[in-house]
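Scroll down for the structure; my scribbles are underneath it.
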Amino acid sequence: MALVPYEETAEMGLQKFHKPLATFSFANHTIQIRQDWRQLGVAAVVWDAAVVLSTYLEMGAVELRGRSAVELGAGTGLVGIVAALLGAQVTITDRKVALEFLKSNVEANLPLHIQPRAVVKELTWGQNLGSFSPGEFDLILGADIIYLEETFTDLLQTLAHLCGSHSVILLACRIRYERDNNFLAMLERQFSVSKVHYDPEKDVHVYKAQKRNQREGL
């Protein structure tokens, strides 16, 4: 969501982020994501958490066909694109400054007959929530969106607004710092949270959250 330098890039190496295209295969489609680190920083590259969450969706752990989904802090839009290819009606969101870039990736990677299932829309956490109906989505998706501590309160407010009694939240992240655990503790105060997947190669966890006292599953 925030267009700022990312602390780990020096350790990880910037080579993969500076490539103009990142290519993936999901849902029987080749997806080519345009990247632009120099212009948009963290919002314009594909992070491992997005790949892991896309893989988790492709595994069929949650039902996507005919369901409504929203991706928060979408950046390049990989997760939302995969969700649309798998049959969901997806609203793919980020801050205004990233929308043109995001939309170009969505349009380039969805066949014409699937494009109506994907809408790119502005969402700054904690702000323009009035343009979204409370609890309107079956599935709320986020990949690597919990790394800025100053956004945690706004993100939780946004999740609470979007999440209805039937909704499932899926968040993919790498636990890097104490603040990441702090966010999970904050999340657990409002939602029932469980870890549903872990990719040891990429060291990425997928957490599932639901409003308390609702039925498990989607």
Side-chain angles (χ1 to χ4, degrees), residues 1 26-29 31 49-94 102-103 106 109-111 113-146 154-173 183-184 187-197 204-218:
M1 175 180 132
F26 287 108
N28 297 317
H29 286 76
I31 300 172
V51 179
V52 173
L53 184 53
S54 296
T55 301
Y56 182 73
L57 295 178
E58 190 176 47
M59 289 164 54
V62 294
E63 179 59 54
L64 287 167
R65 195 162 300 279
R67 300 300 178 98
S68 61
V70 60
E71 183 185 2
L72 305 182
T76 63
L78 176 63
V79 173
I81 290 166
V82 172
L85 290 172
L86 292 171
Q89 180 73 39
V90 189
T91 301
I92 307 174
T93 72
D94 211 317
L102 171 58
K103 189 172 183 179
V106 171
N109 286 286
L110 289 180
H113 70 284
I114 293 179
Q115 286 191 21
R117 295 210 298 262
V119 175
V120 174
K121 189 171 179 179
E122 179 184 356
L123 173 56
T124 298
W125 304 338
Q127 295 187 24
N128 55 322
L129 297 179
S131 60
F132 295 83
S133 300
E136 71 172 285
F137 296 103
D138 299 311
L139 191 62
I140 301 160
L141 305 168
D144 221 350
I145 62 173
I146 67 170
D154 289 338
L155 175 54
L156 286 167
Q157 179 188 355
T158 301
L159 291 172
H161 178 84
L162 298 175
C163 187
S165 59
H166 66 287
S167 307
V168 168
I169 300 166
L170 291 175
L171 299 177
C173 62
F183 176 83
L184 291 175
L187 187 68
E188 287 174 348
R189 287 197 284 270
Q190 295 188 43
F191 300 92
S192 297
V193 181
S194 59
K195 184 165 69 174
V196 293
H197 182 65
V204 170
H205 307 259
V206 178
Y207 293 93
K208 173 183 175 182
Q210 297 174 274
K211 284 194 170 179
R212 297 189 181 280
N213 302 320
Q214 71 185 78
R215 292 184 298 109
E216 289 293 318
L218 177 64

Closest approach of [X] to [Y] (non-hydrogen atoms, all atoms of both residues):
{"X": "Leu85", "Y": "Ala27", "answer": "CB-CB, 3.8 Å"}
{"X": "Ser167", "Y": "Leu162", "answer": "OG-O, 4.0 Å"}
{"X": "Ser68", "Y": "Glu136", "answer": "OG-O, 3.4 Å"}
{"X": "His29", "Y": "Pro111", "answer": "NE2-CG, 3.8 Å"}
{"X": "Ala84", "Y": "Arg117", "answer": "O-NH2, 2.8 Å"}
{"X": "Ala172", "Y": "Leu53", "answer": "CB-CB, 3.8 Å"}

Side chains of [X] and [Y], heavy atoms from C-beta outward: is any pair under 4.5 Å?
{"X": "Leu159", "Y": "Ile140", "answer": "yes"}
{"X": "Glu122", "Y": "Asn128", "answer": "yes"}
{"X": "Gln190", "Y": "Leu156", "answer": "yes"}
{"X": "Thr124", "Y": "Asp154", "answer": "no"}
{"X": "Val90", "Y": "Val70", "answer": "no"}
{"X": "Val168", "Y": "Phe137", "answer": "no"}

As a test of understanding, state which of Thr158, Thr91, Asp94, Ile92 forms a side chain to side chain contact (heavy atoms under 4.5 Å, CB included) with Leu123.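 That would be Thr158.
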Name the residue from Leu141, Val196, Leu170 that meets the side chain to side chain contact (heavy atoms under 4.5 Å, CB included) definition with Val62.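 With Val62 as partner, side chain to side chain contact (heavy atoms under 4.5 Å, CB included) holds for just one option, Leu170.
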Apply side chain to side chain contact (heavy atoms under 4.5 Å, CB included) to the pair Cys163 and Gln210, showing each step before the final yes or no. CA-CA 8 Å; Cys163 187; Gln210 297 174 274; 5.9 Å; no
Show, in sequence, the C-alpha distance, side-chain angles and deciding distance for Phe26 and Val51, and conclude whether the side chain to side chain contact (heavy atoms under 4.5 Å, CB included) test is met. CA-CA 10 Å; Phe26 287 108; Val51 179; 4.2 Å; yes
Which is it for Phe191 and Lys211 under the side chain to side chain contact (heavy atoms under 4.5 Å, CB included) test, yes or no, and what are the steps along the way? CA-CA 5 Å; Phe191 300 92; Lys211 284 194 170 179; 4.0 Å; yes
Straight-line distance of [X] [atom1] to [Y] [atom2], nearest 0.5 Å:
{"X": "Thr76", "Y": "Ile81", "atom1": "OG1", "atom2": "CD1", "answer": "6.5 Å"}
{"X": "Leu86", "Y": "Glu63", "atom1": "CG", "atom2": "CD", "answer": "10.0 Å"}
{"X": "Tyr56", "Y": "His197", "atom1": "OH", "atom2": "NE2", "answer": "8.0 Å"}
{"X": "Leu187", "Y": "Tyr207", "atom1": "CG", "atom2": "OH", "answer": "10.0 Å"}
{"X": "Leu129", "Y": "Gln157", "atom1": "CG", "atom2": "CD", "answer": "5.5 Å"}
{"X": "Gln89", "Y": "Leu64", "atom1": "CD", "atom2": "CG", "answer": "12.5 Å"}

Between His166 and Asp138, does any side-chain donor sit less than 3.5 Å from a side-chain acceptor?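 Per modelled atom types, His166 and Asp138 side chains form a pair under 3.5 Å.
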From CA spacing to verdict: side chain to side chain contact (heavy atoms under 4.5 Å, CB included), Leu72, Leu155: CA-CA 9 Å; Leu72 305 182; Leu155 175 54; 4.0 Å; yes
Does NZ belonging to Lys103 count more than 12 external heavy atoms closer than 6.0 Å?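 Open.
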